[in-house]
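Right, one structure below, let's go through it.
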Number of protein chains: 2
Amino acid sequence: MPTKSPKKETLLPQLLEIFRTIGYEAASLSKISELTGLGKASLYHHFPKGKQQMVEEVLVFVENWMYENVFFVLRSEDKVENKLEKMCNALHGLYNGGKSACLIGALTYSEILNQSLSKLKNTLEIWAKDLEAVFMEAGKSKEESKDLAEEILITIQGSLIISKAQNKKSVFTRQLQKIKDILN
Amino acid sequence: MPTKSPKKETLLPQLLEIFRTIGYEAASLSKISELTGLGKASLYHHFPKGKQQMVEEVLVFVENWMYENVFFVLRSEDKVENKLEKMCNALHGLYNGGKSACLIGALTYSEILNQSLSKLKNTLEIWAKDLEAVFMEAGKSKEESKDLAEEILITIQGSLIISKAQNKKSVFTRQLQKIKDILN
DNA sequence: GTCTATATAATGATAGAC
DNA sequence: GTCTATCATTATATAGAC
């Protein structure tokens, strides 16, 4: 893995916050410039291909975050009861306890989707597979494991939307708690 | 209720389809013009305040649809076991069996949200209340009814997103079936 | 009610100085 | 690596003919 510039290390989380809050199209370069404190030309220095490159690198950033904080945990040698709890705690941080939206959701309702769809699909599928493995490790059947995994992804995405639409963070945190309790 | 012009009757479903597919900001007037077959000036004739008015009228259109096809059913004198099934069948139509997205989701990840948030929140709350009443009618406790209602909204929103992101309509239809089965 | 033509502002993007 | 200045393009929106 190539060493990233220190600037990008701070830039990518900022861009993630922008894209998942107002979406891809509404995030104009002027707005990005204003919110990051960097001039447009500076942004193009870091991302020569413009917005498209920004969102693609943010997707990689999120993908890496998922590997380090979710997939790593789900694949660890930890006790199976702890895995879901640790995943939920990580997600609580990623989504600011339900305050921040999910990039997947933000991009799903966007034109950019077609171009980045394969990476998105891939991350979701890995997540589903890893969750499925956890449930099988816990003694569930293959079918039930697959089902539970899918339901968890649905619940996370759905509760983030309802949470945001109703402006109630508790909707998200309550669902996280339910996920933690599945194996207890 | 004032009589709508016949033109708008065909225009609003088209606009709904556009907004929920590519989102609010990506739906430029040129694109709307192209997809509806109407010139920009004609669009401004029907919606003098432009895109903002379009999305607001689409929201009313969807709200009315929900009253006629979902809230009406949930409040009817029908047998309680049939209500969820009829709701799911209606939603299957609204979302083209998982192919089409949800306007709520599309607008939640958009800048326009702040202005239309109250109407959106309101519709979601009515939906939740009506569902809650159905479950209480079926003999569930107040607490469990509230919980089930919230879970249904979450599942619908979440499965639509996962369905679209993974390009698998079956994800949505499977969740609809589960909702139908709750009271069986 | 629809159109063509146009005004005006904002967009993504680049050149070149520092 | 950042900036100011600027470009072509596209955006929203309007005027006025039919």
Side-chain angles (χ1 to χ4, degrees), chain A residues 2-59 61 103 106-107 109-116, chain B residues 2-59 61 103 106-107 109-116:
Chain A
T3 307
K4 301 276 175 58
S5 71
K7 191 73 197 177
K8 275 206 178 173
E9 296 289 336
T10 65
L11 215 42
L12 289 176
Q14 285 181 297
L15 291 174
L16 165 61
E17 201 52 40
I18 293 169
F19 284 131
R20 72 178 176 180
T21 304
I22 62 177
Y24 180 77
E25 280 84 6
S28 68
L29 283 176
S30 315
K31 196 160 287 180
I32 295 173
S33 170
E34 178 194 333
L35 291 172
T36 59
L38 276 185
K40 289 185 198 176
S42 304
L43 290 168
Y44 274 95
H45 172 77
H46 293 289
F47 306 94
K49 291 180 185 170
K51 266 173 74 176
Q52 187 172 331
Q53 186 178 354
M54 291 183 202
V55 80
E56 275 167 14
E57 290 200 22
V58 169
L59 276 170
F61 175 79
L103 187 65
L107 296 184
Y109 293 101
S110 158
E111 271 208 312
I112 198 74
L113 178 66
N114 302 322
Q115 298 157 46
S116 309
Chain B
T3 307
K4 301 276 176 58
S5 71
K7 191 73 197 176
K8 275 204 178 175
E9 295 290 338
T10 65
L11 215 42
L12 289 176
Q14 285 182 297
L15 291 174
L16 165 62
E17 201 52 40
I18 293 169
F19 284 132
R20 72 178 175 180
T21 303
I22 63 177
Y24 179 76
E25 280 85 6
S28 68
L29 284 177
S30 314
K31 195 159 288 181
I32 294 172
S33 170
E34 179 194 333
L35 292 172
T36 59
L38 276 185
K40 290 183 199 176
S42 305
L43 291 169
Y44 274 97
H45 171 78
H46 294 287
F47 307 93
K49 290 180 186 170
K51 266 174 72 175
Q52 187 173 330
Q53 186 179 353
M54 289 183 203
V55 80
E56 275 167 13
E57 291 200 21
V58 169
L59 276 171
F61 174 80
L103 187 64
L107 296 183
Y109 293 101
S110 159
E111 270 207 315
I112 199 73
L113 177 67
N114 302 321
Q115 298 158 46
S116 310

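In the text below, chain A, chain B and the rest are named by the order of the sequence lines, each starting its count at 1.
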Rounded interatomic separation in angstrom, taking CD1 from B:I22 and P from D:dA11: 10 Å
A:Y24 backbone acceptor or donor facing B:Y109 side chain under 3.5 Å: no
Nucleic acid contacts - residues 13-20 of chain B versus DNA chain D, non-hydrogen atoms under 4.0 Å: none
side-chain contact (heavy atoms from CB on, under 4.5 Å) between B:L15 and B:F61, worked out: CA-CA 10 Å; B:L15 291 174; B:F61 174 80; over 6 Å; no
Whole-Å gap separating P (D:dA15) and CG (B:L43): 17 Å
Between D:dA11 (P) and B:L29 (CG): distance, integer Å: 9 Å
Length of the NE2-C1' vector between B:H45 and D:dA13, whole Å: 16 Å
B:E57 side, atom CD; B:H46 side, atom NE2 - distance, nearest 0.5 Å: 10.5 Å
Rounded distance (nearest 0.5 Å) linking atom CD of A:E17 with atom CZ of A:F19: 12.0 Å
B:M54 and B:L43: CA distance, side-chain angles, deciding distance, side-chain contact (heavy atoms from CB on, under 4.5 Å) verdict: CA-CA 9 Å; B:M54 289 183 203; B:L43 291 169; 4.0 Å; yes
Nearest-Å distance for atom pair NZ/C1', residues B:K40 and D:dA15: 15 Å
Span of DNA chain C, from the first to the last nucleotide whose atoms fall under 4.0 Å of chain A heavy atoms: C:dT11 to C:dA15
Earlier contact from the 5' end, DNA chain C, for A:P48 and A:S30: A:S30
Side-chain donor/acceptor of B:K40 to backbone N/O of B:L29, under 3.5 Å: no
Side-chain donor/acceptor of B:K31 to backbone N/O of B:I18, under 3.5 Å: no
Length of the CD-C1' vector between B:Q53 and D:dT12, whole Å: 14 Å
Side-chain heavy-atom pair B:Y44, B:Q53 within 4.5 angstrom cut-off: no
Sugar-phosphate, base or nothing in reach of B:S42, heavy atoms under 4.0 Å: base
Residue pair A:L38 / A:K7, side-chain heavy-atom distance below 4.5 Å: yes
Below 4.0 Å: OP1/OP2 of D:dT10 and any side-chain N or O of B:S28: no
Short side-chain N/O contact to D:dA13 OP1/OP2 from B:Y44, under 4.0 Å: yes
